[in-house]
There are 2 protein chains.
Amino acid sequence: MEEGTSQSLGSPADTAGHRSDYDVWQWDAREDCEVRQILDRVADKWSLLAIALLDRRSLRFTELKREIDGISQRMLTRTLRHLERDGLVERTVHPVVPPRVDYALTPLGRTLHATIKSLVVWTEAHQEEIARARADYDKREADLRETSAAGAAD
Amino acid sequence: MEEGTSQSLGSPADTAGHRSDYDVWQWDAREDCEVRQILDRVADKWSLLAIALLDRRSLRFTELKREIDGISQRMLTRTLRHLERDGLVERTVHPVVPPRVDYALTPLGRTLHATIKSLVVWTEAHQEEIARARADYDKREADLRETSAAGAAD
DNA sequence: CCGTATCCTAAAGGATACTG
DNA sequence: CAGTATCCTTTAGGATACGG
């Protein structure tokens, strides 16, 4: 792993004695860069769930619809099409009637799922810490409002 | 009830000889569960960028605004407040005039960044594969439209 | 300098109805 | 069964103006 290659943003950077080993701007969140797109794909409302389910076993459309209870037909179709386009999911149409369509994770999809899982694991490991942080923040906020209200009342 | 509450989705599961080691439904994407919230936080338009920048060194409001060129004041404030509330970023107000406010990643924020980074690394490693998949998909789509158009014209 | 408040637009996504 | 097509609501987020 190289230290910053295209350093960009003329920042002195290393001042904190700590540094990212990639260039932040290479995956600038606003651009249509790959990371942004993958992140959007992974993070959208239903993709992650579909990926996780398909990582267990392949499923057909209706099965997915039933398992991801609450998703609309429209969104399930869109989600699956996006995943398919990105090469994460494979769609197999069986020429029978009534139609049967199977969805399965590709090898690429499986490696992505493995990666996402580390984020899930992180969250599970730290959820209490986060909950505490939120409670503290909200408490401080409430105290602040109370104080300023009291101050205004004086 | 569907079979299986925690083990859930009555899937014999292992059929593919492969299985996730967590319960998909514990982090059901639709609920206000922790994973969903963290994922939303991480994936929203600006958070990731802010986190990555702050992982290098602490920055003040205006510096962040300048570095994340394109972000509105409104969204920068909101983004930072959310990160602060979750205990990922620490906000330090210096009681001077004009005001000076420094933002820094907390230890928790740093570990999150490290985790996110693995997703970034995954994306960088597979972006060409994804690009190919998309090109293939679009090609097939185009061919299909062409064919059906020709068929209709006949 | 560091915000908050207000207004406004674009996009995501649900509900519903229809089709091969 | 496995989708499209259409309409409608909700939300994210930009622009702008103002305040401590």
Side-chain angles (χ1 to χ4, degrees), chain A residues 29-32 36-37 39-50 54 58-85 89-104 141 144-145 147-149 151-152, chain B residues 29-32 36-37 39-50 58-85 89-104 141 144-145 147-148 151-152:
Chain A
R30 299 153 322 184
E31 306 295 326
D32 275 347
R36 179 75 270 168
Q37 289 179 35
L39 203 60
D40 286 343
R41 184 74 62 247
V42 165
D44 77 14
K45 204 173 178 186
W46 306 107
S47 293
L48 182 52
L49 214 35
L54 292 175
S58 70
L59 294 164
R60 45 194 298 193
F61 189 86
T62 318
E63 287 177 317
L64 276 165
K65 176 116 172 54
R66 186 171 39 247
E67 306 252 33
I68 313 180
D69 182 82
I71 194 172
S72 63
Q73 214 146 336
R74 179 179 177 276
M75 286 316 292
L76 180 55
T77 304
R78 286 175 60 96
T79 301
L80 291 169
R81 287 296 176 283
H82 287 146
L83 295 174
E84 187 194 359
R85 178 165 186 267
V89 157
E90 191 187 13
R91 177 167 174 270
T92 312
V93 183
H94 298 96
V96 296
V97 39
R100 176 190 179 100
V101 180
D102 282 320
Y103 291 91
E141 280 293 285
L144 205 65
R145 273 197 301 278
T147 306
S148 73
Chain B
R30 300 153 322 184
E31 305 297 324
D32 275 349
R36 179 75 269 167
Q37 289 179 35
L39 203 61
D40 286 344
R41 184 74 62 248
V42 166
D44 77 14
K45 203 174 179 187
W46 306 109
S47 291
L48 182 53
L49 213 37
S58 70
L59 294 164
R60 45 196 297 194
F61 189 85
T62 317
E63 287 176 316
L64 276 165
K65 177 118 172 52
R66 186 171 40 246
E67 306 251 36
I68 312 180
D69 183 79
I71 194 172
S72 63
Q73 212 146 340
R74 180 178 177 277
M75 287 316 294
L76 180 55
T77 304
R78 284 175 60 97
T79 301
L80 291 170
R81 287 294 176 284
H82 287 148
L83 295 175
E84 187 195 359
R85 177 164 187 268
V89 157
E90 190 187 15
R91 177 167 174 270
T92 312
V93 183
H94 298 96
V96 296
V97 38
R100 176 190 179 102
V101 180
D102 282 319
Y103 291 91
E141 280 293 285
L144 204 65
R145 274 196 300 277
T147 306
S148 73

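To find a chain, count down the sequence lines: A is the first, B the second, and so on, and within it residues start at 1.
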What integer distance in Å separates [X]:[atom1] from [N]:[atom2]?
| X | N | atom1 | atom2 | value |
| --- | --- | --- | --- | --- |
| A:Trp46 | C:dG13 | CH2 | C1' | 9 Å |
| B:Gln73 | C:dA5 | CD | P | 14 Å |
| A:Arg41 | C:dA12 | CZ | P | 10 Å |
| A:Lys65 | C:dG14 | NZ | C1' | 11 Å |
| B:Tyr103 | C:dC1 | OH | P | 14 Å |
| A:Arg78 | C:dA12 | CZ | C1' | 8 Å |
| B:Lys45 | C:dA12 | NZ | P | 11 Å |

Please examine the side chains of A:Arg60 and A:Asp102, heavy atoms only from C-beta on, and report whether any two atoms are closer than 4.5 Å. yes
Gap between atom [atom2] of [Y] and atom [atom1] of [X] - 0.5 Å precision:
| X | Y | atom1 | atom2 | value |
| --- | --- | --- | --- | --- |
| B:Lys45 | A:Asp40 | NZ | CG | 10.0 Å |
| B:Leu49 | B:Glu67 | CG | CD | 9.5 Å |
| B:Arg41 | B:His82 | CZ | NE2 | 5.0 Å |
| A:Leu64 | A:Ile71 | CG | CD1 | 8.5 Å |

Sugar-phosphate, base or nothing in reach of B:Arg60, heavy atoms under 4.0 Å: sugar-phosphate
Within the structure shown, what part of the strands sits under 4.0 Å from A:Arg100 by heavy-atom distance: base, sugar-phosphate, or nothing? sugar-phosphate
Give the first and the last nucleotide of DNA chain D, reading 5' to 3', that has any atom under 4.0 Å from a heavy atom of chain A. D:dC1 to D:dT6
Protein-nucleic acid N or O pairs under 3.5 Å, nucleotides 18-20 of chain C:
none

N/O donor to acceptor pairs below 3.5 angstrom from side-chain atoms of residues 73-81 of chain A, sequence neighbours left out:
from: A:Thr77; atom 1: OG1; to: A:Gln73; atom 2: O; distance (Å): 2.9
from: A:Thr79; atom 1: OG1; to: A:Met75; atom 2: O; distance (Å): 2.7
from: A:Arg81; atom 1: NH1; to: A:Tyr103; atom 2: OH; distance (Å): 3.3

Closest non-hydrogen atom pair between B:Leu39 and A:Ala43, with its separation: CD2-CA, 4.2 Å
Search all heavy atoms of A:Leu83 against all heavy atoms of A:Ala50 and return the closest pair with its distance. CD1-CB, 4.2 Å
With DNA chain D as reference, determine whether B:Met75 or A:Thr77 sits nearer its 5' end, using the nearest nucleotide of each. A:Thr77
On DNA chain C, compare the nucleotides closest to B:Arg74 and B:Leu80; which residue's is nearer the 5' end? B:Leu80
